[in-house]
Structure formats: structure tokens, C-alpha cells
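Numbered from 1 within each chain, the chains take letters A, B, ... in sequence-line order.
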2 protein chains.
Amino acid sequence: MSDTYANLLDLAESESCARGFTAVSYGDLATLAGIRKASIHHHFPAKASLGLALVDRYADRLAGELAELSERSRSGGDALRAYLARCRNDLRDGTAVSLLAAMIADAANLPEEMRGQVTRLRELVVRWLGDVLQRGRQDRSISVSGGPREEGLAVFVQLLGAQLAARAARDPSLFDAASATISARIFRS
Amino acid sequence: MSDTYANLLDLAESESCARGFTAVSYGDLATLAGIRKASIHHHFPAKASLGLALVDRYADRLAGELAELSERSRSGGDALRAYLARCRNDLRDGTAVSLLAAMIADAANLPEEMRGQVTRLRELVVRWLGDVLQRGRQDRSISVSGGPREEGLAVFVQLLGAQLAARAARDPSLFDAASATISARIFRS
DNA sequence: GTCTATAATGAGATAGAC
DNA sequence: GTCTATCTCATTATAGAC
């Protein structure tokens, strides 16, 4: 794994969060990386292989980060708060969303294999959110009316929509307004 | 009524709901309409003009439909239920979303003028949802904890996320699962 | 690993005949 | 209004030199 390889993945991720994987071209990446676009084919023969490498790397990182986030949090409420902050942070100045949100928005134009990975990633996050809500209910930091699984999915899609609406308006504060009810509805204390 | 013009808009709308406006080409539309792509330029000289006509026509139709939906509903709860059914119906077999959702997902790649129209459309719907929640609170068909405006925005982005997640998975039932908490949380009776 | 050069395709768009 | 023909440009991708 050369520097260029990882650097190309970094650039592809950043650009995909801003405009979607489909809109990112080898020409864009070549310019950003300071090499020629033909050179990118040495690392990623086809664009689908770049996409797969991108989502696979992200899946590993996300699973690790969520696990770490659970461990570090002293309550389910803390973990959920940290996840909210993470989503908010991915918005940058309102020109981007998290990679998972970007891929869900763009899924209809993604290679089939990539779309399957996106579904698995969504299920991973929804499951994690359900666990966090369950934990928060037990430690009394969270109050949800429905079952943790369906509430986890509800939180996920609300944050997904909030991120995409904020990017569309290029206004990160829209995310805050659109996700405020999660805090208001769920957190105790 | 004129034939090709309206037909092209219909086809562009249908394809945009499935794959996003950016992914729809003159070549696609020409094949679907049974004409040559050069002929499309007679009706829409540039693709941006097609996009503008598309979103403008949708804005008119949506405003009318929402107003009619308010009038026909006997309570705020009924109006919200009808809106939920409308979103669900736009999913078709899980391969599409409502045009507004599709444009928000694709906004980063849309012509600037189109993006402005998308923002105005989003504000229109969020305002309508806020009014409906307010009305439902007064007629006691709806129970919301927060203010109608922020709850309206929350409902909007949850439905936005639910639609896009369902399209990504090509599974319309995912929309049902992801929007179930709206009914559970809000409706009285 | 990166380069130049070059397909091969498909996109949006224009000119002008009918 | 629709056609053929053509243009320009961007895209993914390959071959082969260095």
C-alpha cells in the first residue's frame, strides 16, 4: 500500500462526501493528487474497484469507531450524543455529508456490489443505534417509547435526511434544527 | 397537453425520481420518447432549462396538491396520514422517491438556479407540515411535544431519509419501518 | 509507479434540411 | 417539430515507454 493508494482513497472519500461517488472522476482525483489520471488505473484498474476499496475501508473504520464510541461512553445517552456530534462534524461547512449518507443518496447509480455493501453498512449503524438506545433505556439516560430497533432505524433516517437537507441548502445549521427533536425526545435529565 | 413537451417532462420526472436528474441524459429521454435527442433541444435548449421546467412544474403541482390535501382532511392527523401515504406511494416498487427527495439527494450536482428552487420547495413542504401539526394539536388528533415548526422539519427529514434508504435498498417496506415511529409518536386516538 | 498517447464511448449542444 | 450530421468535451480505460 503506497502513499498514493491511501491518498487517492482519501481524496475519493472527501469528494464523494461532497458530490457523490458517481460525480467523482479520475480526472478530478488526478488533479487533486497531482498525478495523471492514467496513473490512477495502476492502483484502481476500474472505477468500481475504487468504489469497493472506498466502501470497504470505510466499513472497517466505521465499525471500529462505533465500537470505540460505545466503550468510551458512560451511558447510552452519551453514546448517542457522540454519534450526533459525529454526523454534525461530517457536514464540514455544509458542503458534505458522511460517506454512508452520500452513498445512500447516490445508491441508484452505484455498481451493484457497492450497493450491497451500502446496505450492510446501513444495517450495521442501525443495529448499533438500536443497541445504544437499549442501553440508554436500561441506564435511564434515554427515554424512548417504541422498541429500540425501530427507534434506532427512525433515528438513523432522521439523521440521514438532516444531513442531506443541510448539504442541499449548504447550511449546516439546518442539520441542527432538523435533529433537535432527537435530543428533545430521547434524552432524559 | 402539448404532447412532446409534456411527455418529455413526464419522462424526465420519472427517471429523475429513480436515478436523479444528473443521471438522466438526453439520450435516455430520446429513447423513451421515441424521438432523436437533437429534437429535445427544440423544447429544452439546454439541460438546465429542462431541469428548471421540471422543478417549476413540480412546485406548482405540489403546492396545489398540499392545499387540496389540507382541505379534504377533517383533521391535522388525517392530513399527515395522507402525506405519509403520498410519500409511500412515490416509492413505486422501491426504485424511486418523490421528486423533491431525489433533488435534495442530488442537489450538489444540480445547476445553481435549480438548487435554489429545491430549497424553496423544501421550505414550502416543511411549512405545510408545521401547519398540519399545529392544526392537529388544536383539533386534538395529534400530540407533539416540541413546537410545530421544528417538529415539521423533523418529520420532513425523517421521511426524506426513509425514502432514500428504501430506494437504496430497493425495498419499499424499509420506508414503512423507518416511518413507523411518526405514527406511533404523533397520532392520538 | 508514473508517464505520454490514444482509443472508445457517451454526454450536451448546434446547423441546416425537410 | 423532427430529422441527419457533426462538433466539442469529458469520461473510463488500455498500451507501452521510462
For residues 60-69 of chain B, run the donor-acceptor check on the side chains, cut-off 3.5 Å, and write out each pair with its distance to 0.1 Å, sequence neighbours left out.
unit_1   : atom_1 : unit_2   : atom_2 : d
Arg61(B) : NH1    : Glu13(B) : OE1    : 3.2
Arg61(B) : NH1    : Glu13(B) : OE2    : 3.4
Arg61(B) : NH2    : Glu13(B) : OE2    : 2.6
Glu65(B) : OE1    : Arg86(B) : NE     : 3.2
Glu65(B) : OE1    : Arg86(B) : NH2    : 2.2
Glu68(B) : OE2    : Arg72(B) : NE     : 2.9
Glu68(B) : OE2    : Arg72(B) : NH2    : 2.7

Could you list the donor-acceptor pairs under 3.5 angstrom formed by side chains in residues 155-163 of chain B, with sequence neighbours left out?
unit_1    : atom_1 : unit_2    : atom_2 : d
Gln158(B) : OE1    : Arg185(B) : NH2    : 3.2
Gln158(B) : NE2    : Ala178(B) : O      : 2.9
Gln158(B) : NE2    : Thr181(B) : OG1    : 2.9
Gln163(B) : OE1    : Ser98(B)  : N      : 3.0
Gln163(B) : OE1    : Ser98(B)  : OG     : 3.3
Gln163(B) : NE2    : Leu159(B) : O      : 3.4

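Rounded to whole Å, the distance from CD1 on Ile40(B) to C1' on dT14(C) is 15 Å. One interatomic measurement links the two molecules: CZ of Phe44(A) to C1' of dT11(D), which rounds to 18 Å at whole-angstrom precision. A straight line from CZ of Arg36(A) to P of dT2(C) spans 13 Å, rounded to a whole angstrom. Taking atom CG of residue Leu50(A) and atom C1' of nucleotide dT11(D), one finds them 14 Å apart after rounding to whole Å. The CD1-P distance, from Ile35(A) to dT2(C), rounds to 6 Å in whole Å.
Sorted by first and then second residue, the ring pair (Phe, Tyr, Trp, His ring centres under 6.0 Å) pairs involving residues 102-135 of chain B (not counting sequence neighbours) are Tyr83(B)-Trp128(B).
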(request) Would you mind building the protein contact string for nucleotides 7-12 of chain C? One character per nucleotide, 5' to 3', B for base within reach (heavy atoms under 4.0 Å), S for sugar-phosphate only, - for untouched. (result) ----BB

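Between dG1(D) and His42(B), a contact under 4.0 Å exists linking OP1 or OP2 to a side-chain N or O. Residue Thr4(A) places none of its side-chain N or O atoms closer than 4.0 Å to OP1 or OP2 of dG1(C).
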Protein-nucleotides 15-17 of chain C N/O pairs under 3.5 Å:
none

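A donor-acceptor pair is defined here as one N or O able to donate and one able to accept, closer than 3.5 Å; no such pair exists between the side chain of Lys37(B) and the backbone of Ser25(B). Arg19(A) contributes a side-chain N or O that, together with a main-chain N or O of Ala23(A), makes up a donor-acceptor pair within less than 3.5 Å.
Looking at heavy atoms from C-beta onward, Cys87(B) lies out of side-chain contact with Leu84(B) at the 4.5 angstrom threshold.
Listed by chain and number, the residues in a side-chain contact (heavy atoms from CB on, under 4.5 Å) with Asp131(A) amount to none (sequence neighbours excluded).
Judged purely by distance below 3.5 Å, without hydrogens or angles, the side chains of Arg135(B) and Gln138(B) never pair a donor atom with an acceptor atom.
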